[in-house]
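Since the structure comes first, as structure tokens, the remarks are kept for the end.
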Amino acid sequence: MMRILKSICIFVITITLCACSSSSDTLDKLNLQNKLSETSDLILLESNSSTPATIGFVYYPGGLVDPHAYLQWQDKLISQYPAIKIITVKMPSNLAVFGIKKGIQVTKDFPGITNWITGGHSLGGTMAAELVNKYPTDFKALIFIASYPASDILKNWDGAILSVHASKDGLSTVSDIEQHKADLPAAIIMSDDQDFTLPLQGKTHYYEIMGGNHGQFGNYGIQAGDSVSTISRTTQQSALIQVIQYFISKL
Amino acid sequence: MKRIILFLTYTVLFIGFSRINGQQLSIYANSLNGIVAENNFEGGSRGISLGINYLHPLNQNLKWLAGTEFNSISWGNNIVANIGLNYSRPIANKWSWSATLIIQQGIALFKPTAFYTWGLSSATGIEYSVSSKSTIFLGTGLKYYSCPAYKSYSLLSHYLDFPIELGYRIKLK
């Protein structure tokens with residue numbers, strides 16, 4: 001009996017320590033300007049304007065991060081580029097590795113949208129790459145945010161890839177991004193946020209945000225193992241929004 | 001007054017210690033299927049829960065139970081303490097009917113601050129004795145759970161689900 005109780009205690013403590021997700025800023029604090037709706041499976045953010053969205057962005061959150069943590073920059077991106085609808089996928093246990101294929105259902109849930117891109121932050125980006133690998137013709141582009149693929153599965157993919165990373169990232173380090181360049185199509189190093197080489201298809205554009213870190217790609221506070229940023233979260237997310245906006249506009 | 005206190009004390013002791021040979025340990029898994037999210041009907045899979053309960057007999061059919069449950073649901077993960085009652089009645093050789101009502105109190109696993117969560121869970125179904133010491137259970141019910149603080153972070157903070165439960169019970173003595 002004591003052995004069973006001991007096992008239960010160890011199980012409970014392990015789960016409690018390992019399964020904690022980083023919480024987001026509150027919705028009041030985010031002060032969103034666009035239309036937010038939500039189900040148990042996804043968070044939908046779209047423009048308030050009557051112009052129908054033409055691009056759908058299936059977004060996978062980082063591992064053990066509350067999926068609402070990205071709403072602030074997503075909201076600003078939509079304000080600047082109302083043709084995009086962003087669907088953040090809620091993952092089992094907030095781990096995208098358990099829900100790789102959930103993104104393909106999203107594309108079926110919104111039949112009015114014909115242009116789909118996907119991507120994600122950290123583990124979310126890695127799993128978005130797995131999604132593209134399984135459904136290569138369903139997505140036109142892939143956006144890695146502080147992320148890279150686990151293997152060379154997309155080496156020959158003919159879609160457009162944008163990889164945004166930060167120089168002070170302590171988790172997806174600049175060295176990690178460099179090492180995984182060989183796993184992706186032809187690398188183009190961008191000198192500024194508009195330095196795209198057209199056509200985008202069959203290329204990977206790399207953009208580094210100087211002074212940014214891993215956690216500031218979302219609004220969830222300081223992440224263990226991350227480095228200290230030398231720019232504000234607002235500055236980092238503004239840079240992210242700009243480069244994504246230019247990338248999408250050139251697809 | 002003194003008689004009432006003595007009667008209640010005796011009753012509690014009688015209930016608590018009259019049967020020491022019927023304790024069970026129950027391990028179960030739930031597949032959670034949505035009915036309502038916040039105030040809207042919403043079907044589909046909502047997640048899973050895994051739990052373990054200790055059951056102590058109060059009389060031949062009724063047991064109190066206490067345990068813990070881990071849930072992987074829409075807002076992420078939570079862990080709750082279970083306390084409740086189980087009623088089971090034989091219906092045929094090796095087969096019993098069983099019903100359980102559980103109150104849950106716990107935490108949604110967020111950092112830096114965990115959020116309080118609570119729930120009510122009911123299940124009814126069929127138990128089959130696979131041996132003299134163990135039974136398997138298959139059932140369904142209703143499960144309501146809420147995380148009031150999560151309302152500040154999300155549009156959804158409480159749910160009503162239709163779980164399908166598979167469990168295994170073993171007699172401890």
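Here is how names work: the chains are called A, B, and so on, in the same order as the sequence lines, proteins then strands, and each is numbered from 1. Here the structure is a predicted model, which is why all the values come from computation and not from measurement.
In summary, of the residues considered (Tyr150(B), Tyr153(B), Trp75(B)), a ring-ring contact (aromatic ring centres under 6.0 Å, His included) with His68(A) occurs for Tyr150(B) alone.
No side-chain donor from either of Glu42(B) and Thr39(A) sits under 3.5 Å from a side-chain acceptor of the other.
Ser74(B) contributes atom OG, which lies 9.5 Å from atom CG of Leu42(A) (distance to the nearest 0.5 angstrom). Between atom OG of residue Ser37(A) and atom CG of residue Asn40(B) there is a gap of 11.0 Å, rounded to the nearest 0.5 Å.
Side-chain contact between Ser72(B) and Phe98(A) is absent, with no heavy atoms from C-beta onward closer than 4.5 Å.
For a residue to count as touching a neighbouring chain, one of its non-hydrogen atoms must lie under 4.5 Å from one of that chain's; by this rule Thr113(B) does not touch chain A. In this structure, chain B has heavy atoms under 4.5 Å from both the backbone and the side chain of Leu36(A).
Among residues 73-93 of chain A, the residues having any heavy atom closer than 4.5 Å to a heavy atom of chain B are, in sequence order, Lys90(A), Pro92(A), Ser93(A). Residue-level contacts of residues 102-120 of chain A with chain B do not occur; threshold 4.5 Å between heavy atoms.
Ile103(B) CD1: 12 or fewer foreign heavy atoms inside a 6.0 Å radius. The neighbour count for Ile91(B) CD1, taken as heavy atoms of other residues, nucleotides or ligands under 6.0 Å away, is above 12.
In terms of heavy-atom pairs under 4.5 Å with chain B, the best-connected choice from Ser40(A), Ser24(A), Gly221(A) is Ser40(A). Top candidate by heavy-atom pairs under 4.5 Å with chain B, chosen from Leu71(A), Leu95(A), Asn94(A), is Asn94(A).
Using modelled atom types, no side-chain atom of Ser22(A) and backbone atom of Lys111(B) make a donor-acceptor pair closer than 3.5 Å.
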